[in-house]
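In what follows, a single structure is set out as structure tokens and then discussed.
Convention: sequence-line order gives letters A, B, ...; per-chain numbering from 1. The figures here come from the full heavy-atom set of this structure, side chains too, leaving out hydrogens, waters and symmetry mates.
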Protein chains: 2
Amino acid sequence: MGVSKTEMFTDSQNEIAVFAKAFGHPARVAILQYLFKLNACVCGDLVNEIGLAQPTISQHLKELKQLGLIKGNVEGTSVCYCIDTNNWTKMKKLMSAFLDQDITKENCC
Amino acid sequence: MGVSKTEMFTDSQNEIAVFAKAFGHPARVAILQYLFKLNACVCGDLVNEIGLAQPTISQHLKELKQLGLIKGNVEGTSVCYCIDTNNWTKMKKLMSAFLDQDITKENCC
DNA sequence: ATTATTAATCGTAATATTGCAATGAACAAA
DNA sequence: TTTGTTCATTGCAATATTACGATTAATAAT
């Protein structure tokens, strides 16, 4: 019905899915890569950089912020965003544990 | 409009998003973890293991198969699935490059 | 105070995703 | 051949996501 049945999965599985979903749109990937590239707050030029309409970018930023992956501070008339390094590290550990599962033998298929 | 504007992003960004989307549902996370845990083909018991209806599981498997993350072989009356280790490794490199971007200084926010 | 600038929010349309009942296809067992 | 088993596909309903125009909120500049 369009609703994920989260109650039948572990917290860890749901958490992985939530973070993965955040990366499941190229605009959010691009935003995060840009924030990393600048290695500083980005104030204002995200709309020009990414190429989607301002409300759309704002919506993507909101999602990333709600997940804790980025932080935003009001700076006069503009808002500055940057990576939340602590939370990024936590997220990375979770995702790495999932991605790095060992493949210890040849599979049969 | 519900459509991602993929044409305005790089191939790499789109590819990351596509893989991430695959992990963006706890059922697919659970399926993959189970395949890793077994470390072999799983033939048949996925529906019991995950707890969703058979057509739903089948659909999730199809998505993972289309992405190349798992392989499936018909084995008599049942179908056996396992991780496609080569493609998993490729995917992991792509995702790791994204997740491991360096945070070289304190951010300002 | 008025105007300009910037970003968030609201409202809405279009499309995608999730889930499952019903059905179909393939094969094994009898 | 008939029956049972297993998985894929179809069709559909419910919900989520994506995108953006219009508007609002907040502040800066004049």
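Of the candidates D/dA8, C/dC20, C/dT18, the closest approach to any side-chain atom of B/S58 belongs to D/dA8. Taking only side-chain atoms of A/Q59, from C-beta outward, the nucleotide of D/dA19, C/dT18, C/dC20 with the closest atom is D/dA19. Minimum atom distance to the side chain of A/V79 is reached by C/dA8, of the listed C/dA8, C/dT9, C/dG19.
For C/dT18, neither phosphate oxygen OP1 nor OP2 lies less than 4.0 angstrom from any side-chain nitrogen or oxygen of B/T56. In terms of phosphate contacts, A/Y81 brings no side-chain nitrogen or oxygen within less than 4.0 Å of OP1 or OP2 of C/dT6. Distances shorter than 4.0 Å separate none of the side-chain N or O atoms of A/H60 from OP1 or OP2 on D/dT17. Under 4.0 angstrom from either OP1 or OP2 of D/dT17 there lies at least one side-chain N or O belonging to A/K21. Between B/S78 and D/dT6 there is no side-chain N or O to OP1 or OP2 distance below 4.0 Å.
Distance, B/Q54 CD to D/dT10 P: 14 Å, rounded to whole Å. The CD1-P distance, from B/I31 to C/dG19, rounds to 10 Å in whole Å. Between the NE2 atom of A/H25 and the C1' atom of D/dA16 there is a distance of 13 Å, given to the nearest Å. For the pair A/I50 CD1 and D/dC20 C1', the computed distance is 17 Å after rounding to whole Å. A/K62 places its NZ atom 17 Å from the P atom of C/dA7, with the value rounded to the nearest Å. Summarising the geometry, the separation between CG on A/L46 and P on C/dT6 is reported as 14 Å, rounded to the nearest angstrom. When rounded to the nearest whole Å, the span between CD1 of A/I57 and P of D/dT18 equals 12 Å. Distance, A/F23 CZ to D/dT17 C1': 17 Å, rounded to whole Å.
Residues A/F19 and A/N87 fail the side-chain proximity criterion, which asks for heavy atoms closer than 4.5 Å. Put simply, the side chain of A/I70 does not reach to within 4.5 Å of the side chain of A/W88, judged on heavy atoms. Side-chain contact check for B/F23 versus B/L69: some heavy-atom pair is nearer than 4.5 Å. Contact of the B/L99 side chain with the A/L99 side chain is registered, since non-hydrogen atoms from C-beta on lie closer than 4.5 Å.
With hydrogens and angles ignored, the 3.5 Å screen pairs no side-chain donor or acceptor of A/S58 with any backbone N or O of A/Q54.
Residue A/L61 is the one, among A/L61 and A/T6, whose nearest nucleotide of DNA chain C lies closer to the 5' end (criterion: closest heavy atom).
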